[in-house]
2 protein chains.
Amino acid sequence: MRDTRSRTFVTAQMVAERAGVSRSAVSRTFTDGASVSDATRRKVLEAAAALGYHVNHLARVLRERSNIVCLVVADMTTPIRARMVDVLTSKLQAAGKITMVINTETDTGSVSSALKQTLNYRADATVVLSGTPPASLIETCLANGQQVILINRDDGLVGSSNLGVDNAMAGREALFLLRRAGCQRLGLIASTARTASLMERKRVFVEAAAAEGMSVTITEAGPTTYQSGQEAARRLFGRSQAPDGVFCVTDLLALGFMDTARLEFGLRIPEDLCVVGFDDIEQAGWQSYQLTTFAQPLDIMADAVVELLLNPGLGDGSRRIIEPIPVWRRSVRPAAG
Amino acid sequence: MRDTRSRTFVTAQMVAERAGVSRSAVSRTFTDGASVSDATRRKVLEAAAALGYHVNHLARVLRERSNIVCLVVADMTTPIRARMVDVLTSKLQAAGKITMVINTETDTGSVSSALKQTLNYRADATVVLSGTPPASLIETCLANGQQVILINRDDGLVGSSNLGVDNAMAGREALFLLRRAGCQRLGLIASTARTASLMERKRVFVEAAAAEGMSVTITEAGPTTYQSGQEAARRLFGRSQAPDGVFCVTDLLALGFMDTARLEFGLRIPEDLCVVGFDDIEQAGWQSYQLTTFAQPLDIMADAVVELLLNPGLGDGSRRIIEPIPVWRRSVRPAAG
DNA sequence: TTGAAAGCGGTACCAG
DNA sequence: CTGGTACCGCTTTCAA
C-alpha cells in the first residue's frame with residue numbers, strides 16, 4: 001500500500017492504482033497523440049481529478065527539452081526593463097515556454113553565476129538583458145546545447161545570438177532633430193555605466209556633431225537614473241554657456257534633467273531648451289514631460305527571441321539590429337524658421 | 001563509447017568516464033558534506049571543468065524539493081509591481097530559491113491555469129501577486145504539498161498564507177491628513193478594478209469621512225492607471241464644487257490626476273488642491289510631483305515571504321498585516337493655521 | 001489498446 | 001573512501 005500523506009506531490013503511480021490501470025495508461029492519457037481507449041482515458045481523468053494530479057514536467061525533462069528559458073536581468077525596476085521582462089515573459093509563455101528570472105547585478109561575476117544556474121536548471125536557452133557574460137561561459141552553454149541570446153549587449157561574442165536596437169541611428173537622428181530646431185550649443189547627458197549601447201549612442205552623436213563642426217558638452221553624473229539626470233542639469237546650468245539642445249541617452253536621465261532644468265533653473269522646454277531621450281518609457285508620455293524620444297520596439301524584439309528559440313539553427317552568431325521608432329512629442333521645437 | 005555530440009547536456013556519467021571513476025564519485029564531489037578523497041575530487045573537478053559539466057538540478061528534484069518558487073503576476077510594468085517582482089526575486093535568490101515568473105491576466109481563469117503550471121513544475125510554493133485564485137485550486141496546491149502565499153489579495157482563503165498591507169490605516173490616515181490641511185470638499189479617486197485592497201482603502205476613507213459628517217465625491221474613471229487619473233481630474237474639475245482634498249487609491253492615479261489638475265485646470269498643489277496617494281512608487285518622489293503617500297514596505301513583505309518559505313509550518317491560513325509607512329512630501333499642506 | 005520494463009540524470013544506501 | 005545498485009516520476013519501446 002502506498003503512502004498517502006498529503007505533504008507530497010501526487011504521482012502517476014497513485015493515479016494508476018486508483019484508476020485500476022497501469023502507469024503507462026496514465027502517461028498516455030496525458031500525452032498528445034497516444035492511443036488510449038475512451039474508457040481508460042475516462043477512468044484515468046477521473047482518478048487524476050479526484051487526486052489532484054498534475055504531470056511532473058521536471059521528470060519529463062530527463063528525456064526531452066525542458067522548455068525553460070532563463071532571463072538574466074538587473075535593475076528590473078527601471079521602466080524599460082520592467083517592460084522588457086513583461087513582454088518577454090508573456091510572449092515566451094504564449095510559445096509554450098516557462099520563464100525563470102535571474103535577478104543579477106551587472107558585474108561579470110554575478111552574470112557568470114547566473115549563467116551557471118541556467119545550466120543547472122537545464123534551460124533550453126538563456127536570454128541576457130543585463131551585463132556581459134564572459135565568452136568562455138557562453139562557450140560552455142553552447143557546448144551544453146543551450147542557446148544564448150544577448151539583447152542590447154556588446155556584440156562580437158561568438159556563438160551567441162545578438163539582438164539589439166540601432167543605437168547609431170538614434171544618435172544620428174537626435175543630432176538632426178536638435179539641429180533642425182536651431183539649437184546652437186549641444187549637450188549630451190550620458191551615465192557612468194559603460195554599457196555598449198549607451199556608449200554607441202554617445203559616440204555617434206558626438207561624431208555626427210563633429211562632422212558638422214559642432215562640439216558637444218558631455219556630462220556623466222552617475223548611474224543611468226532620474227537622479228543623475230537632475231545632477232547633470234545642476235552641473236550644466238550652474239555655469240555660463242549652458243547648452244540649448246540636449247540628447248539624453250536614456251529617458252530616465254532626460255526626465256530628471258527636464259525637471260531640474262525647469263523647476264530649479266526656470267528654463268522653458270522647448271522654448272529655451274530642447275531635449276531628446278531614448279527608450280520611450282511610459283513616463284515620457286506623461287503630461288508633465290511630453291518627451292520626444294526613440295521607442296525600442298519591444299514587441300518585435302520579443303518576437304525575434306521567440307523565433308530564435310523555435311528555430312535554434314538560425315542563431316549561432318547571428319546579429320539582428322532593429323530600428324528604434326522616433327516618437328515625436330513636445331520637448332523639441334519644430335523646424336526653426 | 002559514448003556519443004559526444006555537443007547538442008546535449010553533459011552528464012555525470014560522462015564526467016565519471018573521463019575521470020576514470022564511478023558516477024557516485026562524481027555525485028559525491030558535488031554534494032556538500034560527502035566523503036571523497038582529495039585525489040578523486042581533483043580528478044572529477046578537472047574532468048567536469050573540461051567537459052563543462054553542471055549538476056542537473058531538475059533530476060535532483062525527483063528525490064528532494066525543487067527549490068522553485070512561482071510568482072504569479074499581472075501588470076508587471078506598473079512601477080509598484082516591478083518593484084515587488086524585483087525585491088522578491090532577489091530575496092528568494094538569496095535564500096537559495098529559483099523564481100519562475102508566470103505573467104497572467106488577473107481574471108480567475110488565467111490565474112487558475114497559472115496555478116496549474118506551478119504544479120506541473122513542482123514548485124515548492126506559489127506566490128500570488130495578482131488576481132484571486134479559486135479556493136478549490138488552492139486546495140489542490142496544498143494537497144500536493146505546495147505552499148500558497150497571497151500578497152495583498154482577498155483574505156479568507158483557507159490554507160493559504162496571506163500577507164498584506166494595512167489598507168484601513170491608509171484610508172484613515174489619508175482622511176486625517178486632508179482634514180488637518182483644512183480641506184473642505186473631499187474627493188476619492190479609485191479605479192474600476194474591484195481589487196480587495198483598493199476597495200478597502202476606499203471604504204475606510206469614506207466611512208471615516210462620514211464619521212466626521214463629511215461626504216466624499218467618488219470618481220472611478222477606468223483601470224488603475226495614470227490615464228484614469230487624468231480622466232478623473234477632467235470629470236471633477238469640469239464642474240462646480242470640485243474637491244480641494246483628494247485621496248487617490250494609487251500613486252499612478254494620483255500622478256495623472258495632479259498633472260491634469262495643474263496643467264489643464266491651472267490648479268496649484270498644495271495651495272488649491274491637496275493630494276494623497278498610495279504605494280510610494282519612484283515617480284512619486286520626482287521633482288514634478290513630490291507626492292505625499294504611503295509606502296508599501298516591500299522589503300519587509302519579501303522577508304516575510306522568505307520566512308514563510310523556510311518555515312512552511314508557520315503559514316497555513318495565517319494572515320500578516322504590515323503597516324504602510326507615511327511618506328511626507330509636498331502635495332498636502334501642513335496643518336492649517 | 002494494454003502492461004511490463006528500460007532508461008533519463010542524480011542521490012542515497014550498502015557492502016567492500 | 002569507493003563502486004554497485006535501487007529508486008525518484010515519467011515516457012517510450014516492445015510484446016502480448
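We name chains A, B, ... by the order of the sequence lines, and we start the count at 1 in each one. Everything numeric in this text was worked out from a predicted model, so none of it was measured.
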Residue pairs fulfilling salt bridge (Lys or Arg N to Asp or Glu O under 4.0 Å) with at least one residue in residues 83-94 of chain A, sequence neighbours excluded
A:Lys91-A:Asp299, A:Lys91-A:Asp303
Between B:Glu17 (CD) and D:dG3 (P), how many Å, whole number?
13 Å
With a 4.0 Å cut-off on heavy atoms, is B:Ser37 in touch with a base, just the backbone sugar-phosphate, or nothing at all?
sugar-phosphate
Indicate, with a heavy-atom threshold strictly under 4.0 Å, whether B:Val61 touches base, sugar-phosphate, or nothing.
nothing
Could you list the residues that satisfy side-chain hydrogen bond (donor to acceptor under 3.5 Å, both in side chains) with B:Arg60, not counting sequence neighbours?
B:His57
Expressed in angstrom and rounded to an integer, what is the separation of B:Met14 atom CE from C:dC8 atom P?
10 Å
Looking just at side-chain N and O atoms, do A:Ser160 and A:Arg153 make a donor-acceptor pair shorter than 3.5 Å?
no
What is the separation between atom NZ on A:Lys43 and atom C1' on C:dT2, rounded to the nearest whole Å?
11 Å
Rounded to whole angstroms, how far apart are CG on B:Leu62 and P on C:dA12?
13 Å
Begin from the C-alpha positions of A:Lys97 and A:Val306 and carry the test side-chain contact (heavy atoms from CB on, under 4.5 Å) through to its verdict.
CA-CA 9 Å; A:Lys97 306 289 179 187; A:Val306 171; over 6 Å; no
If you check every side-chain atom of A:Thr40, which of C:dG3, C:dG9, C:dT2 has the closest atom?
C:dT2
Please give, in whole Å, the distance from D:dT2 C1' to B:Asp38 CG?
15 Å
side-chain contact (heavy atoms from CB on, under 4.5 Å) partner of A:Met84, chosen from A:Thr89, A:Asn152, A:Leu71, A:Val127:
A:Asn152
Report yes or no: do B:Thr126 and B:Gln146 form a side-chain donor-acceptor pair below 3.5 Å?
yes
Counting just side-chain N and O atoms, does A:Ser22 come under 4.0 Å of either OP1 or OP2 of C:dT2?
no
Just by protein heavy atoms under 4.0 Å, how would nucleotides 10-16 of chain D read 5' to 3' in B, S and -?
BBBB---
Rounded to whole Å, the CG-P distance (A:Leu119 to C:dG9) equals 14 Å
